[in-house]
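Below is one structure, written out as structure tokens, with a few remarks after it.
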Number of protein chains: 2
Amino acid sequence: MAEYQQKLDRVFHALSDPTRRAVIQQLGSGPASVSALADPHKMAFQSFSQHLKVLEDSGLVISEKEGRVRTCKIAGDALVNAQEWIAAQRRRWNEQFDLLDIYLSELQEKDVDDE
Amino acid sequence: MAEYQQKLDRVFHALSDPTRRAVIQQLGSGPASVSALADPHKMAFQSFSQHLKVLEDSGLVISEKEGRVRTCKIAGDALVNAQEWIAAQRRRWNEQFDLLDIYLSELQEKDVDDE
DNA sequence: TTGATACTCAGGTATTGACCTGAGTATCAA
DNA sequence: TTGATACTCAGGTCAATACCTGAGTATCAA
């Protein structure tokens with residue numbers, strides 16, 4: 001339970017930064033090395049590296065080192081979890097709308113009866 | 001452009017805290033006052049109020065004050081935006097998988113040809 | 001073997017975040 | 001009108017975040 005919540009904390013936190021979202025987007029077109037990912041971003045390589053660490057800690061990205069190159073790719077699960085949490089909230093919220101619709105329809109029917 | 005990114009920053013940041021996610025969940029069963037929302041959370045009312053401010057700033061929640069009571073409800077759009085961003089990333093990522101599948105199938109066909 | 005590459009680690013600073021307390025203000029009920 | 005309710009505002013602390021610089025350590029290419 002608490003573990004699932006902490007995972008969501010980390011995933012949403014990871015997604016709350018534009019640099020990190022850009023990395024997810026970059027990795028959408030295939031795996032890449034840390035240098036290749038860092039290249040478009042105007043910041044010290046070490047700063048960028050910390051962003052990657054946040055992404056890895058969140059489970060959104062996984063990486064493997066071969067020689068001196070670390071290659072990163074997206075790990076789907078964390079993204080799925082985040083999307084499903086949002087989807088669940090939207091379902092509940094839409095149900096409320098439906099209930100309201102039903103209630104309003106019923107009210108209207110009564111109005112019609114009263115006429 | 002940058003505005004859209006900042007909006008996503010705020011939405012994902014808002015969702016990165018368990019108290020705030022709980023509020024979204026609570027509001028899924030209908031509008032509620034600040035006190036009612038604060039009640040289940042063991043923290044100073046003022047602290048909770050700051051969480052609500054984050055939710056409002058993100059556009060996830062809207063509220064209206066009538067008399068001394070502020071009533072809050074979910075505003076769907078921000079949640080939709082967040083979900084769609086994730087969905088778009090997943091689509092791109094799955095396309096990569098599909099491309100890899102095609103590539104691997106082609107490789108295999110060549111192997112078969114070579115036999 | 002030497003130099004360049006690709007990270008990796010340690011530490012420093014400035015801002016933001018998550019909580020708190022204390023002191024308002026406005027509204028409503030009696 | 002008086003007291004309780006429902007916030008609201010100001011400020012303070014402490015930890016976490018987002019950046020930085022400087023100094024490693026491997027690995028690979030020549």
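All chains are named by letter (A, B, ...) in the order of the sequence lines, taking the proteins before the strands, and each is independently numbered beginning at 1. A quick note: this is a predicted structure, and the numbers were derived from the prediction, not measured.
Taking a pair to require two hydrogen-bonding distances under 3.5 Å in either a Watson-Crick or a G-U wobble arrangement, dA10(C) pairs with dT21(D). Nucleotide dA18(C) is matched to dT13(D) when pairs are restricted to Watson-Crick or G-U wobble geometry with both distances under 3.5 angstrom. Using the Watson-Crick or G-U wobble rule with both distances under 3.5 Å, dA29(D) pairs with dT2(C).
When rounded to the nearest whole Å, the span between CD of E64(A) and P of dT8(C) equals 13 Å. Note: NZ (K42(A)) to C1' (dC20(D)) measures 18 Å, nearest angstrom. The distance between atom CG of L52(B) and atom P of dG17(C), rounded to the nearest whole Å, is 16 Å. In this structure, H51(B) places its NE2 atom 16 Å from P of dT8(D), rounding to the nearest Å. One can place CZ of R70(B) at 14 Å from C1' of dT27(C), the figure rounded to the nearest angstrom. Counting to the nearest Å, the P atom of dC28(D) and the CD atom of E66(A) are 9 Å from each other. Separating the CE atom of M43(B) from the C1' atom of dC14(D) is a distance of 16 Å, rounded to the nearest angstrom. Note: CZ (R68(A)) to C1' (dT25(D)) measures 13 Å, nearest angstrom.
With DNA chain D read from its 5' end, the first of the two nearest nucleotides for V69(B) and G67(A) is the one closest to V69(B). Position along DNA chain D of the nearest nucleotide to F48(A) versus H13(A) favours H13(A) as the more 5'-ward residue.
Residue F45(B) places its side chain closer to dC7(D) than to any other of dC7(D), dT8(C), dC20(D). Taking the side chain of A44(B) as heavy atoms from C-beta on, and the options dC19(D), dC7(D), dT21(C), the nearest nucleotide is dT21(C). With distances taken from any side-chain atom of K65(A) to the nucleotides dC19(D), dC7(D), dT8(C), the minimum falls on dT8(C). In the set dC20(C), dC7(C), dA18(D), dA18(D) carries the atom at the smallest distance from any side-chain atom of R20(A).
Sparse packing is recorded around CG of D77(A), with 12 or fewer heavy atoms of other residues, nucleotides or ligands lying under 6.0 Å away.
Put simply, the side chain of D39(A) never gets that close to the backbone of S35(A): no donor and acceptor are under 3.5 Å apart.
Interface remark: the Q46(B) side chain does form a donor-acceptor pair with the dG22(C) base, using a distance-only criterion of under 3.5 Å.
Partner S63(A) forms a side chain to side chain donor-acceptor pair (under 3.5 Å) with one of K53(A), K73(A), R70(A) and no other, that one being R70(A).
Between H41(A) and F48(A), the two ring planes are parallel [angle under 30°; tilted spans 30° to 60°]. Taking the six-membered ring for Trp and thresholds of 30 and 60 degrees, W85(A) and F12(A) have ring planes more than 60 degrees apart, a perpendicular arrangement.
Using a 4.0 Å heavy-atom cutoff across all strands shown, S35(A) reaches sugar-phosphate atoms only and no base atom.
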